[in-house]
J.: 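Okay, handing you the structure first.
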Amino acid sequence: MTLRLTNTLTGRQGAFVPLEPGRVRMYSCGPTVYAPAHVGNFRSFLFADLLRRYLGWLGFEVTWVMNITDVDDKIIRDAGREGVPIGELTARYTSAFLEDAERLRMTRPDVMPRATEHVPDMVALIESLLATGHAYRTDDGSIFFRIASWPSYGQLAHIDPTQQRVGERVEADDYDKDDVRDFAVWKGPKEGEPSWDTAIGPGRPGWHIECSAMSMRYLGTTFDIHTGGVDLIFPHHEDEIAQSEAATGKQFVRTWMHCAHLQMGGQKMAKRTGNIERPADVYARGYSPRALRYALIAAQYRAPLEFGEDSLRAATAAVERLGNVLIALDAHRSDATGDPGFPALLGETRERFTAALDDDLNVSPALAAVFDLARELNRRLDAGTLSTADAQSAAAFLRDLDRVLGVMEEGDEALEPELSAMLDERAAARAARDWATSDRLRDELAERGVAVEDTKTGQRWRRLVEAQRG
RNA sequence: GGCGACGUACCCAAGUGGUUAAGGGGGAGGUCUGCAAAACCUCUAUUCACCGGUUCGAAUCCGGUCGUCGCCUCCA
């Protein structure tokens, strides 16, 4: 089996063949840092992360670039409201993003370029567009890409640009363009806005140009994969293609991948409508980062995904189920002899897992394979037929699959000393068969958000989500 | 108006021509346990929005109807 991915450009699934054998260059549209990212944003980022992890797991050497947009209209607007320089606002939300990303176990991209640090790259790109007549200046110092100069415009979104309905907002546009469909690659200077003095004059970059400049800067004029949410297909990515290919004369991106929206209550999660939830909101209700991660990656990326209390609860249980089997395998010691068929059991799971992910990152059947294995392992654990060595190889196997999923284990989490002391006290009470004390402490710990379970090898604790607390 | 996605059990979600319609959650019963929890076992869609058609055979293909969502404007 080989990896097959759906390419928005062709609208079909095709075998993924990187430009350079064994090596993948991919770019993902990252956050605009004017507010904390919401979980819908993270669906897109974690989809890219899953792809990046799977490519790495398959043995590809991956270079992953994710941009940080740190200058745009909203940033300028919000910084203005607060009366702070845009750099102060963007620094704040950049670190918030990085923290959220880390808690969600998003692989750290190899490069996270900032728009403000790549103005010269954008200027160079714009210069070549001006030189070739694909872009033109307007009186206010802005520069626009001329869509009429690019016949294949619309190839990604599969639209005919002449059929575009151009709304009333055209009048509302502050800029004076030759054609309403033309888009800004450079915005002329304005009072109260940040501005760069460059060879093409003063001003600031347009939105689309940053992704073209930064992706090509780190990945070359043609690279393998570019990801984003479906809402970026048009106009953002369409514009990126036009300006990049017009400037270089070469194909920009070979495979475009877009994930569907996260929905809440059947509606797209979007900041504009206020229909959003942020990672911090989810954690505040007691859900763990890995449960959130699971909830966001557990369905195939091209299908809209419903998010909410139910999905978080289900994700919590699913992720604990996987964590529990690992804990049990680690603790397992047995005189049972190894099963000669055991490697085949793991091999079958691996095949199902790989076949599913090879099929355009179809996570659901991949997870089904993992859960089927978990049940079989628990069965053998219960029956006492699993040898110590087999348990260990199963644990190592699951951890290997989790290099792709990143949901099976909680990070090392320390328990508060006070609660830890209660656990010790409870262990002592149990040793004395003092059930009353033991049960009282268990209830008290539950009230403090910690569940205690008794196993053959002693007590085990885990955090409870709010909904489970008594 | 243009383009696109989708409608599978109580919820989420696989399956896209042919054995018993994955998996997770939830629910019911049972085993185990000092009691729990975890885990395991059994049950929980004769049916895939609806109506026609093609076919020996369709959730899967075709046509129609209804419904939902998204993009066309900042948007992951």
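What's counted below: heavy atoms across the whole structure, side chains too, no hydrogens, waters or symmetry copies. Protein chains get the first letters and strands the later ones, always in sequence-line order, with residue 1 at the start of each.
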J.: From the set B/A36, B/C74, B/A5, return the single nucleotide nearest to any side-chain atom of A/E453.
T.: B/A36
J.: Taking 4.0 angstrom as the limit, do A/D281 and A/R278 come out as a salt bridge?
T.: no
J.: Is A/F371 stacked on the base of B/G23, with ring centres under 5.5 Å apart and planes under 30° apart?
T.: no
J.: Distance check needed: B/A76 P versus A/E277 CD, whole Å only.
T.: 17 Å
J.: Using atom CG of A/D359 as one end and atom P of B/A22 as the other, report the distance to the nearest whole Å.
T.: 19 Å
J.: Picking from B/C40, B/G23, B/C12, which would you name as closest to the side chain of A/E306?
T.: B/C12
J.: Starting from the 5' end of RNA chain B, give me the residue, A/G266 or A/C259, whose nearest nucleotide shows up first.
T.: A/G266
J.: Any idea which of B/A76, B/G34, B/A13 is nearest the A/S364 side chain?
T.: B/A13
J.: Ignoring backbone atoms, establish whether A/N362 has a side-chain N or O less than 4.0 Å from OP1 or OP2 of B/A13.
T.: no
J.: Can you tell me how far P in B/G27 sits from the matching atom in B/G15, rounded to whole Å?
T.: 28 Å
J.: Any carboxylate oxygen within less than 4.0 angstrom of a Lys/Arg side-chain nitrogen, looking at A/R146 and A/D179?
T.: no
J.: Between B/G34, B/A37, B/U73, spot the one nearest the side chain of A/R426, thanks.
T.: B/G34
J.: Ignoring the backbone of A/A303, work out which of B/A14, B/U73, B/A76 is nearest its side chain.
T.: B/A14
J.: If you assign each of A/F45 and A/A451 to its closest nucleotide in RNA chain B, which residue comes earlier from the 5' end?
T.: A/A451
J.: Classify the side chain of A/R430 and the base of B/G34 as holding, or not holding, a donor-acceptor pair under 3.5 Å.
T.: yes
J.: Check this for me: does any side-chain nitrogen of one of A/D100 and A/R103 sit under 4.0 Å from a carboxylate oxygen of the other?
T.: no
J.: Considering all heavy atoms of both residues, which atom of A/A315 and which atom of A/A291 are nearest to each other, and what is their separation?
T.: CB-O, 3.3 Å
J.: Measuring only the P atom in each nucleotide, how far is B/A39 from B/G24? A whole number of Å is fine.
T.: 11 Å
J.: Under a 4.0 Å N-O cut-off, is there an ion pair linking A/E453 with A/R442?
T.: no
J.: Between B/G34, B/A36, B/G70, spot the one nearest the side chain of A/D439, thanks.
T.: B/G34
J.: Can you tell me if A/N378 touches the phosphate of B/C40, counting only side-chain N or O atoms and a distance under 4.0 Å to OP1 or OP2?
T.: yes
J.: Would you mind reading off the distance between A/H236 atom NE2 and B/U73 atom P, rounded to a whole angstrom?
T.: 15 Å
J.: With a non-hydrogen cut-off below 4.0 angstrom, is A/D310 in contact with a base, only sugar-phosphate, or nothing?
T.: sugar-phosphate
J.: Would you please confirm or rule out a distance under 4.0 Å between OP1 or OP2 of B/G23 and any side-chain N or O of A/R352?
T.: no
J.: Measuring from the side chain of A/H261 (C-beta onward, heavy atoms only), which nucleotide among B/G15, B/C71, B/G34 has the closest atom?
T.: B/C71
J.: Which value, in whole Å, describes the distance between the P atoms of nucleotides B/G29 and B/G34?
T.: 22 Å
J.: Does the ring centre of A/F145 sit less than 6.0 Å away from the ring centre of A/Y153?
T.: no
J.: Check whether any side-chain N or O of A/D360 sits under 3.5 Å from a backbone N or O of A/T6 as a donor-acceptor pair, and report yes or no.
T.: yes
J.: Which nucleotide in the set B/G25, B/A14, B/A38 lies at the smallest distance from any side-chain heavy atom of A/R462?
T.: B/A38
J.: Roughly how many Å apart are B/U8 and B/U44, using the C1' atom of each and rounding to a whole number?
T.: 16 Å
J.: Between B/C11 and B/A49, how far is it from one P atom to the other, in whole Å?
T.: 14 Å
J.: A/N41 has a side chain; which of B/G25, B/A76, B/A36 sits nearest to it?
T.: B/A76
J.: Does the side chain of A/Q267 get closer than 4.0 angstrom to OP1 or OP2 of B/C69 through an N or O atom?
T.: yes
J.: Taking atom P of B/U73 as reference, at what distance in whole Å does atom CG of A/D72 sit?
T.: 18 Å
J.: With a 4.0 Å limit, can you tell me whether A/R433 has a side-chain N or O closer than that to the phosphate oxygens OP1/OP2 of B/G34?
T.: no
J.: So if I take every side-chain heavy atom of A/R375 and compare against B/G23, B/A14, B/C35, which nucleotide ends up nearest?
T.: B/G23
J.: Would you mind pulling out the nucleotide paired to B/U31, Watson-Crick or G-U wobble, both distances under 3.5 Å?
T.: B/A39
J.: Spell out yes or no: do the side chain of A/R379 and the base of B/A39 have one donor N/O and one acceptor N/O closer than 3.5 Å?
T.: no
J.: Using atom P of each nucleotide, how far apart are B/C43 and B/C3 to the nearest Å?
T.: 49 Å
J.: Would you say A/R302 reaches B/A76's phosphate, i.e. side-chain N/O to OP1/OP2 under 4.0 Å?
T.: no
J.: In whole Å, what is the span from the CG atom of A/L262 to the P atom of B/A13?
T.: 10 Å
J.: To the nearest Å, give me how far apart OH (A/Y294) and P (B/G25) are.
T.: 8 Å
J.: If I take atom CG in residue A/D182 and atom C1' in nucleotide B/U73, what distance separates them, rounded to the nearest angstrom?
T.: 16 Å
J.: Would you classify A/G40 as touching base, sugar-phosphate or nothing, given that sugar-phosphate means primed atoms plus P, OP1 and OP2, and contacts are heavy atoms under 4.0 Å?
T.: base
J.: Sticking with atom C1', work out how far B/G26 lies from B/A13, rounded to a whole angstrom.
T.: 14 Å
J.: Regarding A/D382, tell me which of base, sugar-phosphate or nothing describes its non-hydrogen contacts under 4.0 Å with the strands shown.
T.: base
J.: What is the nucleic acid contact for A/A317, judged by heavy atoms within less than 4.0 Å: base, sugar-phosphate only, or nothing?
T.: sugar-phosphate
J.: Can you tell me the Watson-Crick or wobble partner of B/C56, both distances under 3.5 angstrom?
T.: B/G18
J.: Partner of B/C48 by Watson-Crick or G-U wobble geometry, both contacts under 3.5 Å, or none?
T.: none
J.: Taking any strand in view, what nucleotide pairs with B/G1 in a Watson-Crick or G-U wobble way, both distances under 3.5 Å?
T.: B/C72
J.: Have a look at A/K271 and say if it touches a base, only the backbone sugar-phosphate, or nothing, with a 4.0 Å heavy-atom cut-off.
T.: nothing
J.: Using both distances under 3.5 Å as the test, list the Watson-Crick or G-U wobble partner of B/A13, or none.
T.: none
J.: Would A/D73 and A/K187 pass as an ion pair if we require N to O under 4.0 Å?
T.: yes
J.: Quick one: do A/D454 and A/R460 make a salt bridge, cutoff under 4.0 Å?
T.: no
J.: Can a donor-acceptor pair under 3.5 Å be found between the side-chain atoms of A/D231 and the base atoms of B/G70?
T.: no
J.: Does B/G7 have a Watson-Crick or wobble mate here (both distances under 3.5 Å), and if so which one?
T.: B/C66
J.: C1' atom, B/A21 versus B/U60: distance in rounded Å?
T.: 11 Å
J.: May I ask you to verify whether the side chain of A/K268 and the base of B/C69 hold a donor-acceptor pair under 3.5 Å?
T.: no
J.: What class does the angle between the rings of A/H237 and A/H258 fall in, given that below 30° is parallel, 30 to 60° is tilted and above 60° is perpendicular?
T.: tilted
J.: A/S438 near the nucleic acid: base, sugar-phosphate alone, or nothing, with a heavy-atom cut-off under 4.0 Å?
T.: base
J.: Separation of A/R52 atom CZ from B/A76 atom P, in whole Å?
T.: 23 Å
